[in-house]
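Order of the sequence lines fixes the chain letters, A, B, ..., with proteins taken first and strands second; residue numbering starts at 1 for each chain.
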Amino acid sequence: MIESLLLSLPEIILSSAAMLLMLVAAYAGDRSARLVTWLAVLSFAAAALFVPGIRDAGGSGFDGLFLGDRFAAFSKIVVYASAAISLIAADSWFSREGQYRAEYPVLILLSGVGMGMMVSAGDLLILYVGLELQSLAAYVLASFQRRDNRSAEAGLKYFVLGALASGILLYGISLLYGFTGSTLFTDVANVIGQQTASPGGLSTGLLFGLVFALAGLAFKVSAVPFHMWTPDVYEGAPTPVTAFFASAPKVAAMALLTRLAVSAMGPATFEWRQIVIFMALASTVLGGVAAIGQVNIKRLLAYSSINNIGFALIGLAAATPDGVSSVLFYMAVYVVMTLGSFLVVLRMRDENGQPVESIAALSGLSRTRPLIAAAMAMFMFSLAGIPPLMGFWPKFYVFKAAVAADLTWLAAVGIATSVIGAYYYLKIVKVMYFDEPAPAFERSRDWVEGLLIAAAALFVSPIGFPLINPILTASANAAGALF
Amino acid sequence: MNQAGFPILSLLLAVPMIGGALCLFVSASAARWVALVATLVDLALGAWLWGNYQVGGAQWQFVEQLGILGPFEWALGIDGIALMLILLTLFLMPICIAASWTAIEKRVQEYMACFLLMETLMIGVFCAQDIFLFYLFFEGGLIPMYLIIGIWGGAQRIYASYKFFLYTLLGSVLMLIAILWMVNFAGTASIPTLLVTDFPVDAQTWLWLAFFASFAVKMPMWPVHTWLPDAHVQAPTAGSVILAGVLLKMGGYGFVRFSLPMFPEASAELLWLIMGLSMIAVVYTSLVALVQRDMKKLIAYSSVAHMAFVTIGLFAFNHQGLDGALVVMLSHGLVSGALFLCVGVIYDRLHTREIDRYGGLSTNMPAYATLFMLFTMASVGLPGTSGFVGEFLSLVGAYQISTTVAAVATTGIVLGAAYMLYLYWRVAYGKQVNTDAAAMPDLNLRELAMLGSIGLAVLWMGFYPESFMAPMRKDVGVLIARVERAKPAGDARIRLAAAHPAKPVAGEHE
């Protein structure tokens, strides 16, 4: 029991911090918002320190319900780091709006607990509980600017569609349980293994369960055709919340999907691979084509995230240790690029201090704010996967895994669709560098945010190359935990 | 360590990189000087490299391996072919900087930084010995070139920059998948090892096509050449020089380095494709060039036609063809670069590229007209200029493999003479109908130095091509030996005595 509790120490730390900070917030009011924010960031750091599976191989607790392995460790570190960074960004942004409330960091903390449980789940019900905890916090966050119609609409839309997806997922889980007699990943995998080995093949009920479970999770990672909510929610939600949505929960959901597909449904790889391939190609194509006409930078980044998830799914389709490792590597680099871009978007305020979101507002940024423009250009080229920027390497490994798994055609089609995506990333660079300057943005004096942007820009530049090997070793170790 | 005793190739890459970074932090006029000094220092290093290159020595020289750097290995090394293309790059760069001295007035620091970054990436392409490192340099060049065309280009620059970027990107991403497959198959990313790996014949076709997609766009071959006229016309003068002078050579270099030695069977099997497209390119683009009214567009189309001579020669599977193709690449790099500079010189004065706006320039600009004449003749392929050597050898090579191809390609020489002389006639001779054109001053010292230095190189290559062919001879021999097994039978009835290199062995020149 003690071992099990030790394994879940990060979740315990985050939950206790959330409850304590909630009390602080309740008594001290919104004046304490900044203090609560930094305490929450500290809690994430503390939780990251106690993540099992970093120094050793970790283990499983609560009779296999909760896994503290290296896979969970890798995902948790990325999730906690990105949650903490989006929290730091939120503080300064909301303070400028004068709408910051002390509940915000608490909600992010609770969401962090949920994400931790998602990536550690060894059981279908734990998976569901974690997912719901994360989602409920996210629904509230989306509508955090209560007086803003768009924000309220985003929250409602997210909630309704999220509830639908949860229902689909739960239905899938119930089918899986009904046809395998267990909710434990390992037991489910065993039964699927027996069935695929038998002459009759996979039973229809199990197949349905598998499809529904994948569909429910596809909603969470916003893979096409379950992506519809993403642009609206990303546009409507306050920008720091969007930054959060695009980073930490994406990593957690992707890790969850990967673990479920590989650990629980591993023997049925042939069956789910077709679904994953379809989602991957549909996401890369639609994420590329639909982004072209966008005029709002947040909407554009929403499609960019759909596009990127598509590429990560190609790694999952390989269903090999290399493939899983490439998915994790992809998500880690993706998070840096996305957070970097959103940090730049957070800086977009006109001279009156009002936030602006149109792409046209970026016009001529290279002359009014050359450093920010250079950083943004690097994020864009990197997201487009142009070497020698960092964003090339995750794509590289994903395609490498696909080629090694005899899915060369998938790699070829996938990489060809990446050219569509390159077009709209180029468009941002074009607006910033080729167009005549628009009115300059307000000068920001927030050095923490500036420092974060600089760090992200350095990471995506060739200077970040020495980090590839350590991250890759970690992700390969993490992937090893699933096989 | 290599024969230099220090990592000379890394130094060659580092100098422009450091210069470029420096440019961003100084004033506009200082940035020009920094860029010029950096490129000249690099050129001096290049001259040293040429002097110390052992002709007939080891195949890969100045090799350096600084260990695994993440997903790829920092492995550099050059053979004679790479050496010559590196020298071409190094030679053209200071000229490009000089050409932009007064023409570029806005955002000079960024412009110089882009150019120097470009130089690093181009040299990197030619000396990378790890195939992923090669890809990194190959693709990385897109970013600075995109910015150069988009920021400092002409009126239609945005369209041209997109077209350039997306065309070349689509071509090269397919190559990446092929590279991944090859590395997966061979278990190594080292180019020298891959060069001697025999890939299964049925896979070769697909791999060849994937590489072809990339190199044909870069080259560019008909019908994927359409990005080139747009990019050339809209790019600033120096951008056009680099595009025509070096970037197009990456396509030819790719064929010679990868497609031929790695997939000999596929190369022979798909010979019809290369030869067919080249024949169309020679005739079609020459005819298109004939009716152009924009000088830069005319030269751009002539580039496509000249590049077809390269592909014809490369896939002739014999010594003359390959030698010829390589010399055409070098010669075209010099000549088309010089022609774009010639256009730039008068564009700077009158701000139009319309041919009809000029006329009779030989009266008021005699020095200009003389040099322009030299480069026109070199482009036509007059004996005594670099253009003749390469085109002649390519055609001799091609004749052995297919008389039809040789016959059709030869019409390109006639057509080439037609459009170039027609251009020269309209610009330099005739009545001076436009008063503003008649009032233009002749070349100043800077322009004279730029064009004069290229002129000397063109004549050198025309009169004594041996200096340039000697370092490449052994590598061409290795390549021939490698593709010998797939060599298609030709239809020409010539005795093989002519097919042996008539020159004495390379040892004589060491």
S.K.: I need the minimum non-hydrogen distance between A:Ala412 and B:Ile177, along with the two atoms involved.
M.R.: CA-CG1, 3.9 Å
S.K.: Quick one: are A:Pro387 and B:Phe137 in side-chain contact, heavy atoms under 4.5 Å?
M.R.: no
S.K.: Any side-chain heavy-atom pair from B:Phe165 and A:Ile386 closer than 4.5 angstrom?
M.R.: yes
S.K.: Nearest 0.5 angstrom please: A:Phe381 CZ to B:Leu142 CG, how far?
M.R.: 9.0 Å
S.K.: Taking A:Arg367's backbone N and O only, do any of them form a donor-acceptor pair with B:Arg107's side chain (distance below 3.5 Å, no angle check)?
M.R.: no
S.K.: So which bits of residues 167-175 of chain B come within less than 4.5 Å of chain A, counting non-hydrogen atoms only?
M.R.: B:Leu169, B:Leu170, B:Val173, B:Leu174
S.K.: Can A:Trp393 and B:Phe132 be said to form a ring pair (Phe, Tyr, Trp, His ring centres under 6.0 Å), step by step?
M.R.: CA-CA 11 Å; A:Trp393 295 113; B:Phe132 294 132; 7.3 Å; no
S.K.: Below 4.5 Å, heavy atoms only, C-beta onward: do B:Ile158 and A:Lys430 meet side chain to side chain?
M.R.: yes
S.K.: Shortest non-hydrogen contact from B:Gly140 to A:Pro388?
M.R.: CA-CD, 3.8 Å
S.K.: Do the side chain of B:Tyr146 and the main chain of A:Leu426 share a donor and acceptor less than 3.5 angstrom apart?
M.R.: yes
S.K.: So which part of B:Ile179 gets closer than 4.5 Å to some heavy atom of chain A, the side chain, the backbone, both or neither?
M.R.: neither
S.K.: Output the distance between atom CE (A:Met380) and atom CD1 (B:Ile143), rounded to the nearest 0.5 Å.
M.R.: 13.0 Å
S.K.: Residue by residue, scan residues 304-330 of chain A and write down, ordered by number, those that have a heavy-atom distance under 4.5 Å to chain B; if none do, write 'none'.
M.R.: none
S.K.: Rounded to the nearest 0.5 Å, what separates atom CD1 in A:Ile468 from atom CZ in B:Phe72?
M.R.: 6.5 Å
S.K.: If you measure from CZ on A:Phe434 to CD1 on B:Ile149, what distance do you get to the nearest 0.5 Å?
M.R.: 8.5 Å
